[in-house]
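This report concerns only the one structure given below.
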Amino acid sequence: QEHTYIISERTCNTMFSHPPEEWEEVANISYWIQGEYVSADVDEEGNLVLVLNDKHIAHWKRYIEEDLKKMLEADKRDGEEYGFIISEDYTELTYMTDRSFYFGSMVKLGYLIPYCGIMQMLTEIDPNEWYLDITIKDGKTGITIKTGRIPDDGSFRITDEDWEKALGEAEQEQNNVTERR
């Protein structure tokens, strides 16, 4: 059975890091996409019209699930609550980390975000309606450093100031609780 996905330019850029008119060129050099689609065309509105059959969908899902598993296992640390947690429907991602590790792991987020969007698309969600709620937490304290929604928060970034502010506010709250006792 064939499935047709009409993917806007914005969504195509977010999920595949390229506009629709470049998608087929990129797909042909991507070892996990290469040949795993029926057709890919650009319609008159500039959308990518991607046609996959059930075999292609199974291939994409299997590849992404295996890659996600490798990435998630690589972040586990003995006895500590570090790493990525992704909801079953791929709409929520929580990242338990510390400041130095977070800044070194931006490449993984660069894969996880589009993977979550693609997995939503492959489970029959309109690819232009996908979203990912991201929560970054400090692994030692469990304090939320920042939240955001992709692709709405296209400029979602975390800075040293975000870490300082979140941890500082938590410390101040703890001091207030201690003083009230």
Side-chain angles (χ1 to χ4, degrees), residues 1-77 81-97 101-102 104-136 147-157:
Q1 183 178 353
E2 291 185 351
H3 307 267
T4 301
Y5 305 94
I6 299 172
I7 304 169
S8 73
E9 182 174 2
R10 176 180 179 213
T11 299
C12 193
N13 278 324
T14 305
M15 282 188 187
F16 300 111
S17 302
H18 294 281
E21 61 273 5
E22 293 177 14
W23 190 88
E24 193 167 13
E25 177 184 328
V26 171
N28 285 329
I29 61 172
S30 168
Y31 63 93
W32 72 278
I33 296 176
Q34 189 174 39
E36 295 295 335
Y37 58 96
V38 175
S39 65
D41 299 299
V42 179
D43 67 13
E44 31 320 310
E45 285 94 39
N47 300 309
L48 173 66
V49 180
L50 179 62
V51 180
L52 306 174
N53 65 30
D54 290 339
K55 177 182 139 283
H56 301 136
I57 290 172
H59 164 81
W60 286 33
K61 283 182 178 179
R62 185 175 49 255
Y63 176 87
I64 291 172
E65 286 169 350
E66 288 171 2
D67 209 29
L68 285 174
K69 184 177 178 182
K70 288 176 197 171
M71 281 192 267
L72 299 177
E73 287 176 0
D75 280 344
K76 290 184 180 172
R77 299 183 193 177
E81 296 294 322
Y82 284 81
F84 294 97
I85 302 164
I86 299 174
S87 64
E88 285 185 33
D89 64 358
Y90 298 94
T91 61
E92 298 175 25
L93 181 147
T94 301
Y95 187 20
M96 301 292 287
T97 187
F101 200 72
Y102 172 80
S105 66
M106 292 305 295
V107 170
K108 279 190 182 176
L109 272 176
Y111 281 97
L112 294 172
I113 292 167
Y115 276 180
C116 288
I118 293 167
M119 290 300 281
Q120 289 178 48
M121 177 185 86
L122 297 175
T123 57
E124 301 302 319
I125 292 173
D126 179 338
N128 302 301
E129 299 297 321
W130 82 281
Y131 67 92
L132 180 61
D133 289 328
I134 298 177
T135 302
I136 308 298
T147 61
R149 177 172 273 194
I150 302 293
D152 299 344
D153 297 335
S155 61
F156 182 81
R157 304 278 181 274

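Quick note: numbers below take in every heavy atom, side chains included, and nothing from hydrogens, waters or symmetry partners. None of the values given here were measured: they were computed from a predicted structure. Numbers here are sequence positions counted from 1.
A distance of 8.5 Å separates CD1 of I33 from CG of L50, quoted to the nearest 0.5 Å. In this structure, CD1 in I85 is found 5.5 Å from OG1 in T94, a value given to the nearest 0.5 Å. Between atom SG of residue C116 and atom CG of residue D89 there is a gap of 9.5 Å, rounded to the nearest 0.5 Å. One finds the CD1 atom of I118 at 12.0 Å from the OG1 atom of T123 (value rounded to the nearest 0.5 Å). Note: D152 CG to D133 CG = 9.0 Å, rounded to the nearest 0.5 Å. The distance from atom CG of N128 to atom CD1 of I6, rounded to the nearest 0.5 Å, is 8.5 Å.
Side-chain contact between Y5 and E124 is present, with heavy atoms from C-beta onward closer than 4.5 Å. Annotation: side chain of Y63 is not in contact with side chain of E36 (no heavy-atom distance under 4.5 Å). Taking the side chain as every heavy atom from C-beta outward, H3 and D54 approach each other to under 4.5 Å. The shortest distance between side-chain heavy atoms of T4 and V49 falls below 4.5 Å. Residues I136 and F156 meet the side-chain proximity criterion, which asks for heavy atoms closer than 4.5 Å. You'll find the side chain of M119 reaches within 4.5 Å of the side chain of E65, heavy atoms only. Residues L112 and L68 have side chains in contact (heavy-atom distance under 4.5 Å, counting atoms from C-beta outward).
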(request) Applying side chain to side chain contact (heavy atoms under 4.5 Å, CB included), run through T91 and W130 and close with a yes or a no. (result) CA-CA 8 Å; T91 61; W130 82 281; over 6 Å; no

(message) Could you walk me through whether H59 and L52 satisfy the side chain to side chain contact (heavy atoms under 4.5 Å, CB included) test, starting with their C-alpha distance in whole Å, then the side-chain angles of each, then the deciding distance to 0.1 Å, before giving a yes or no?
(response) CA-CA 10 Å; H59 164 81; L52 306 174; over 6 Å; no

(request) Determine, stepwise, if the pair I113 / I134 fulfils side chain to side chain contact (heavy atoms under 4.5 Å, CB included). (result) CA-CA 9 Å; I113 292 167; I134 298 177; 3.9 Å; yes

(request) Go through the steps for T11 and M121 under the test side chain to side chain contact (heavy atoms under 4.5 Å, CB included), then give the verdict. (result) CA-CA 11 Å; T11 299; M121 177 185 86; over 6 Å; no

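Tested against Y37, the residues F16, W23, W32, W60 include a single ring pair (Phe, Tyr, Trp, His ring centres under 6.0 Å) partner, W23. When each of Y90, Y115, Y95 is checked for a ring pair (Phe, Tyr, Trp, His ring centres under 6.0 Å) with F84, only Y95 meets the rule.
Of all heavy-atom pairs spanning P114 and T14, the tightest one is CB-O, 3.7 Å. The nearest pair of heavy atoms linking G46 to P20 is O-CG, 3.2 Å. Summarising the geometry of P19 relative to C12, their closest heavy-atom pair is C-SG, 4.0 Å, with the distance given to 0.1 Å. Nearest heavy-atom pair across G35 and H56 is O-NE2, 3.9 Å. Nearest heavy atom pair, residue A40 against residue E24, reads O-OE1, 3.5 Å.
Side-chain contact of Y111 with D67: a donor-acceptor pair under 3.5 Å is absent, judged by distance alone.
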